[in-house]
J.: 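For reference, the structure I am asking about is given below.
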Amino acid sequence: MAWNIAAISSLLSVYSANLEKIFLVVSNEKVSKWKAKGKNDSTCPKSFSCGHITNLSLPSSLSLQSDCGLMTISDCDAKPNPRIQLFPGGDWSYATAKPNNSTVWLWDPKLHAMLRQHKCQAFDKSFSLQDSPSNSFTAPTLHDFFKCNSTSHNGPNITQKKNDHFVGYEIYNGCEGFSIYYKLSGDDDEDIRAGNFPANCSLVRLPIDSVSYDVDVFKLLSAVFLVQWELSYDCYRCHYGEGQCQTDKTNKFHCTYPNNLHAQDAKVTRSKWGLTL
């Protein structure tokens with residue numbers, strides 16, 4: 001008996017659709033039973049406070065529950081502010097204020113001391129933020145500075161070429177061994193944004209006082225800076241499905257359900273059948 005290919009394809013499509021509906025119905029019934037028994041309660045709090053910083057939630061987590069979030073906050077009893085680490089291996093800063101669920105003001109006491117004393121070591125550190133598959137950062141008050149080393153080989157021609165490269169930039173020559181080039185307003189030139197600056201120059205990102213246009217670069221700089229973040233869609237969906245957002249060894253997003261094995265099993269089953277919810 002000859003089978004019509006189109007008819008077979010149609011039957012398979014109907015079978016697949018019905019299978020998915022059955023799977024969803026069964027899964028929803030089991031999840032409802034788990035909820036009724038209270039077995040889906042997570043050990044990760046939906047919100048918490050640390051010191052004077054209140055209404056903290058994902059991506060923040062307490063240091064004793066670091067797996068519950070992406071940014072670790074600790075020393076809640078410290079005065080005047082608790083400390084926060086934006087990403088694993090990153091620097092610790094003091095959280096001074098949290099205007100909303102996706103921003104925080106940070107304070108660096110070491111930088112504060114160096115700026116008050118006009119120490120050129122302030123330009124030895126560059127602030128950087130590390131994105132992940134779960135979270136991305138922006139820091140609107142971080143500003144680009146270019147630190148260009150001076151050596152005994154820097155003759156007039158080299159110095160002139162360097163000045164020509166940074167036409168339109170302010171220059172600070174008050175530090176021994178290097179000069180600082182920066183713009184008070186406007187974006188950096190296109191070639192500089194692409195990393196095309198002299199070999200003896202490096203990019204240093206430091207926070208500035210956004211309302212200050214002081215000619216003294218140390219008064220322009222600030223030890224306080226604003227950080228904003230945005231959760232990825234995958235992490236958002238994982239979190240509100242009572243999972244935990246993680247990054248695997250290949251730097252890819254991974255959602256785990258340590259307190260709900262049923263959800264983990266359901267995810268594996270959906271993957272096995274090629275179903276995407």
Side-chain angles (χ1 to χ4, degrees), residues 84 86-87 89-97 99 102-132 135-230:
I84 189 170
L86 296 178
F87 50 87
D91 293 332
W92 287 88
S93 301
Y94 289 90
T96 62
S102 61
T103 61
V104 64
W105 282 98
L106 302 179
W107 176 60
D108 187 321
K110 293 182 179 179
L111 179 60
H112 176 73
M114 287 187 285
L115 295 179
R116 288 189 62 185
Q117 299 174 33
H118 284 212
K119 288 189 175 181
C120 290
Q121 289 90 333
F123 295 100
D124 290 343
K125 178 180 179 179
S126 179
F127 286 76
S128 62
L129 301 173
Q130 181 178 312
D131 293 344
S132 75
N135 200 22
S136 58
F137 294 100
T138 56
T141 60
L142 286 185
H143 198 73
D144 291 350
F145 294 84
F146 297 91
K147 179 181 177 181
C148 298
N149 295 327
S150 303
T151 67
S152 58
H153 301 291
N154 279 9
N157 291 337
I158 294 179
T159 301
Q160 185 59 48
K161 287 182 179 180
K162 189 165 52 179
N163 291 338
D164 291 343
H165 200 92
F166 290 104
V167 172
Y169 284 69
E170 302 291 331
I171 181 172
Y172 178 74
N173 286 317
C175 293
E176 183 179 355
F178 62 88
S179 300
I180 297 295
Y181 294 85
Y182 60 98
K183 273 190 174 181
L184 289 176
S185 61
D187 295 329
D188 291 318
D189 298 337
E190 184 176 348
D191 61 333
I192 292 178
R193 290 201 306 270
N196 298 324
F197 38 84
N200 63 332
C201 300
S202 59
L203 172 63
V204 177
R205 302 196 74 207
L206 292 169
I208 62 169
D209 184 343
S210 59
V211 298
S212 174
Y213 289 94
D214 202 297
V215 293
D216 185 343
V217 69
F218 285 98
K219 293 182 180 179
L220 172 67
L221 292 170
S222 173
V224 179
F225 60 102
L226 179 68
V227 174
Q228 302 171 333
W229 58 84
E230 182 178 4

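Not measured: the values here are computed from a predicted model.
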J.: Between K147 and D124, is a salt bridge (Lys or Arg N to Asp or Glu O under 4.0 Å) present by the stated rule, with each step listed?
T.: CA-CA 9 Å; K147 179 181 177 181; D124 290 343; 2.9 Å; yes

J.: At what distance, to the nearest 0.5 angstrom, does CH2 of W105 lie from CZ of F225?
T.: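 Going from the CH2 atom of W105 to the CZ atom of F225 covers 10.0 Å.
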
J.: Could you grab the distance from atom CG of L111 to atom CG of L106, nearest 0.5 Å is fine?
T.: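 Those atoms lie 12.0 Å apart.
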
J.: Assess whether a salt bridge exists between K183 and D144, defined as any Lys/Arg side-chain N lying under 4.0 Å from an Asp/Glu carboxylate O.
T.: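 Salt bridge: no.
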
J.: Is the distance from the ring center of F166 to that of Y181 below 6.0 Å?
T.: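 For F166 and Y181, the ring centres are under 6.0 Å apart.
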
J.: Counting heavy atoms not belonging to E230, are there more than 12 under 6.0 Å from its CD?
T.: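 Count not over threshold, so no.
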
J.: For the aromatic rings, using the six-membered ring if either is Trp, is the centroid distance between Y172 and F218 under 6.0 Å?
T.: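 For Y172 and F218, the ring centres are under 6.0 Å apart.
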
J.: Looking only at atom types and distance, does a side-chain atom of S126 sit under 3.5 Å from a main-chain N or O of R205, one as donor and one as acceptor?
T.: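 Answer holds: yes.
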
J.: Looking only at side chains, do N173 and S179 share a donor and an acceptor under 3.5 Å apart?
T.: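 Side chains of N173 and S179: pair found under 3.5 Å.
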
J.: As an exercise, state the distance from SG of C175 to CZ of F123, rounded to the nearest 0.5 Å.
T.: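 The SG atom of C175 sits 5.5 Å away from the CZ atom of F123.
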
J.: Are K125 and F127 in a cation-pi setup, meaning NZ or CZ lies under 6.0 angstrom from the ring centre and within 45 degrees of the ring axis?
T.: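 Yes.
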
J.: Roughly how far, to the nearest 0.5 Å, is NZ of K110 from CE of M114?
T.: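 So the CE of M114 and the NZ of K110 are separated by 8.5 Å.
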
